[in-house]
Amino acid sequence: MAILSERVQKLKTSSTLAVTAKARALKEAGEDVVSFGAGEPDFPTPANIVEAGRKALADGKTRYENTPGTPQARQAVADYFCERFGRKVGPQNVIISTGAKHALFLSFLALVNPGDEVLLPAPYWVSYTEQAKLAGGTVKVIETDIDNNFKVTPELLEKSITPQSKIFLLCSPSNPAGISYKPEEIKALAEVIERHPQLYVISDEIYERLSYADYPFQSFASANSKIEERVITINGLSKAYAMTGWRVGYAVADESIVKGMSKLQGQMTSNITACTYPALVEAYKGPQDSVAAMVKEFAKRADHIYERMMSIPGIKCPRPTGAFYIFPDVSAYFGKKDINGKVIDSAAALAQSLLEIEKVAVVPGEDFGAPKHIRLSFATSMELIDKGLDRIIKYMASLH
Ligand code: PMP
Ligand code: GLU
């Protein structure tokens, strides 16, 4: 067996992708699995976008393009940011990458030196810690309180900052907690950032369109003009346009940062798949009704799953106001036994037992920095949500 680098040996496997793959394999083997694993919309990519990709291929868009993206695609993203967030950005502020995931990784690589601190509120998405560490950063977790909807307060942020702090990473609407910050909460955090000129913000806004709170979405970079140049906004088409498999995401940032990221990308992946650029332009310039329909459906599912989840004794969780995740605290059940006599002593043990006994896949909270929780993605039909919840309710009641 090969001796892999220490880098790889220390790296955790993505637990979100691992659960999704396990559920898929069980389904393919004929098991009646209900999967709450995958963080991807269950809707098809809108037909006008598929058609734009198909036409691009037919038109011969099969060759290398400019590393940070075609001028048209970068312009489309810049226009979107001007129209939607009132930003004065141009194509030079945009780099298009292989999913938001790679845009994030490039951001860390472009900004972080060994030993620099990455301030990360928990619960966090599983890939942040691993990417930050791959870039040589030291992750400093900011613990938040479920009773404050897992939100970082300005006081908590201020207290966490040291001279070594380089990045503050925020994800709103959040994966895995499904919560979203109010505009005034983002503005208060931006004021803290303003007082610390060595700090950069990576604002992961991939769920920005999937927001159904009774207050508007606030983009971090437009919260405070004095820190705009220090904010890297991450976004993409995976969630809003149900395009996870297309692998198209991007960063919007100061031109110097975009140039640094582009230099990295030029040595890593070059450009993204060429026929995807016209699809991106179509997504942003074409009709938007499918996004609205999807958000409406997610909002409906969020209410339904929340009500049913809260009916389970001992469960505690914030009401989702964005994205498509619910993140219950299941620790009231720790220490009990399942019907096979196995002791449920962790979220991972509960997730495994739930899959074995009831064939329901959920992601355990450990790798999200929240070991009392499990994550359920409700990017699945109402019928499957109910089928899965019936099983979860039965399973929880069977623990003794
Ligand atoms: N950020 C968050 C918070 C996510 O949930 C995801 C979903 N995988 C991503 C980034 C990456 O998305 P993608 O690479 O599909 O654009
Ligand atoms: N963002 C999704 C999730 O958290 C997709 C899987 C991944 O890339 O982690 O489930």
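Because the structure is predicted, anything quoted here is derived from the model rather than measured. Whatever order the structure lists ligands and atoms in, that order sets their numbers, starting from 1. Along the sequence shown, residues carry numbers from 1. Worth knowing before you read on, the calculation uses all heavy atoms, side chains too, and leaves out hydrogens, waters and symmetry mates.
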Asker: How does Phe324 reach ligand 2, by side chain, by backbone, by both or by neither, if only non-hydrogen atoms under 4.0 Å count?
Answerer: neither
Asker: Has Arg319 got more than 12 heavy atoms of other residues, nucleotides or ligands less than 6.0 Å from its CZ?
Answerer: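 Result for CZ/Arg319: enclosed.
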Asker: So, for Ser165 and Gln198, which heavy atoms are closest and what is the spacing to 0.1 Å?
Answerer: O-CG, 3.3 Å
Asker: In the protein, what heavy atom is nearest to atom 4 (C) of ligand 1, and what distance, to one decimal place, separates them?
Answerer: Tyr207 OH, 3.6 Å
Asker: I'd like to check which ligand 1 atoms, numbered from 1 as shown, lie under 4.0 Å from a non-hydrogen atom of Cys171.
Answerer: 3 (C)
Asker: What is the closest protein heavy atom to atom 7 (C) of ligand 1, and at what distance does it sit?
Answerer: Lys239 NZ, 2.7 Å
Asker: How close does the nearest protein non-hydrogen atom get to atom 16 (O) of ligand 1, and which residue and atom is it?
Answerer: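 The closest heavy atom on the protein side is Ala100 N, 2.6 Å.
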Asker: Pick whichever of Lys239, Lys101, Arg375 has a heavy atom sitting closest to atom 10 (O) of ligand 2.
Answerer: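 Result: the heavy atom closest to atom 10 (O) of ligand 2 is in Arg375.
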Asker: Would you say the rings of His373 and Phe150 are close, in the sense that their centroids are separated by under 6.0 Å?
Answerer: yes
Asker: When you measure from the heavy atoms of Glu40 to every atom of ligand 2, does any distance fall below 4.0 Å?
Answerer: no
Asker: Relative to the heavy atoms of Tyr325, which atoms of ligand 2 are at a distance of less than 4.0 Å?
Answerer: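 It comes down to these atoms of ligand 2: 1 (N), 2 (C), 3 (C), 4 (O).
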Asker: Has ligand 1 got any nitrogen or oxygen that is less than 3.5 angstrom from a nitrogen or oxygen of Thr98?
Answerer: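 Such a contact does not occur with ligand 1.
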Asker: Compute the minimum heavy-atom distance from Ile206 to ligand 1 and say whether it is under 4.0 Å.
Answerer: yes
Asker: Who's the nearest protein heavy-atom neighbour of atom 14 (O) of ligand 1, and how far?
Answerer: Arg247 NH2, 2.7 Å
Asker: Should Ser238 be listed as contacting ligand 1, given a heavy-atom distance under 4.0 Å as the test?
Answerer: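 Heavy atoms of Ser238 do come under 4.0 Å of ligand 1.
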Asker: Assess whether a salt bridge exists between Arg84 and Glu208, defined as any Lys/Arg side-chain N lying under 4.0 Å from an Asp/Glu carboxylate O.
Answerer: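 Salt bridge present between Arg84 and Glu208.
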Asker: What residue and heavy atom of the protein are closest to atom 5 (C) of ligand 2, and at what distance?
Answerer: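 In this structure, atom 5 (C) of ligand 2 has Gly39 O, 3.8 Å as its nearest protein heavy atom.
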Asker: Heavy atoms only, cut-off 4.0 Å: how does Asn175 contact ligand 2, side chain, backbone, both, or neither?
Answerer: side chain
Asker: Check step by step if side-chain hydrogen bond (donor to acceptor under 3.5 Å, both in side chains) holds for Asn224 and Glu194.
Answerer: CA-CA 8 Å; Asn224 182 330; Glu194 193 187 326; 2.9 Å; yes
Asker: May I ask you to list the atoms of ligand 1 that are less than 4.0 angstrom from any heavy atom of Tyr128?
Answerer: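 Per the distance check, 3 (C).
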Asker: Using a 4.0 Å heavy-atom cut-off, which part of Leu17 comes near ligand 2: side chain, backbone, both, or neither?
Answerer: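 It is the side chain that touches ligand 2; the backbone stays farther off.
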Asker: Can we say Asp116 and Lys140 salt-bridge, meaning some charged N sits less than 4.0 Å from an Asp/Glu carboxylate O?
Answerer: no
Asker: Do any heavy atoms of Gly249 fall under 4.0 Å from ligand 1?
Answerer: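 Outside the 4.0 Å threshold, so no.
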Asker: Do we see a donor-acceptor contact under 3.5 Å between the side chains of Ser14 and Thr16?
Answerer: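 Yes, a side-chain donor-acceptor pair sits under 3.5 Å.
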Asker: Run the salt-bridge test on Asp338 and Lys342 with the 4.0 Å N-O cut-off and return the result as yes or no.
Answerer: no
Asker: Do Leu106 and Met268 come within less than 4.5 Å of each other through their side chains, counting heavy atoms only?
Answerer: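 Result yes, sub-4.5 Å side-chain heavy-atom pair found.
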Asker: Distance under 6.0 Å and angle within 45° of the ring axis: does Lys61 meet both against Tyr277?
Answerer: no
Asker: Could you tell me if Thr67 and Ser262 have a donor-acceptor pair between their side chains, going purely by distance under 3.5 Å?
Answerer: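 No, no side-chain donor-acceptor pair sits under 3.5 Å.
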Asker: Which residue holds the protein heavy atom closest to atom 9 (C) of ligand 1, what is that atom called, and what is the gap in Å?
Answerer: Trp125 CH2, 3.4 Å
Asker: Pairs of nitrogen or oxygen atoms closer than 3.5 Å, one from Gly39 and one from ligand 1: do any exist?
Answerer: no
Asker: At what distance is the nearest protein heavy atom to atom 9 (O) of ligand 2, and which residue and atom is it?
Answerer: Thr16 OG1, 2.6 Å
Asker: With a 4.0 Å cut-off on heavy atoms, is Tyr124 in contact with ligand 1?
Answerer: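 For ligand 1, residue contact (heavy atoms, under 4.0 Å) with Tyr124 is absent.
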Asker: Holding to side-chain hydrogen bond (donor to acceptor under 3.5 Å, both in side chains), I want the full list of residues that pass it with Lys27, two or more places apart in sequence or in another chain.
Answerer: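 Not a single residue meets the side-chain hydrogen bond (donor to acceptor under 3.5 Å, both in side chains) criterion with Lys27.
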Asker: Is there a donor-acceptor contact under 3.5 Å from the side chain of Glu366 to the main chain of Ala348?
Answerer: yes
Asker: Nearest protein heavy atom to atom 2 (C) of ligand 1, by residue and atom, and its distance?
Answerer: Asp204 OD2, 3.4 Å
Asker: Quick one: does Glu40 get within less than 4.0 Å of ligand 1, heavy atoms only?
Answerer: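 In this structure, Glu40 fails to qualify as a contact of ligand 1 - no heavy atom is under 4.0 Å.
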Asker: Run the ring-centre check on Phe298 versus Tyr207 and record whether the distance is less than 6.0 Å.
Answerer: no
Asker: Give the atoms of ligand 1, by number and element, whose distance to some non-hydrogen atom of Asn175 is under 4.0 Å.
Answerer: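 In order of number, 3 (C), 4 (C), 5 (O).
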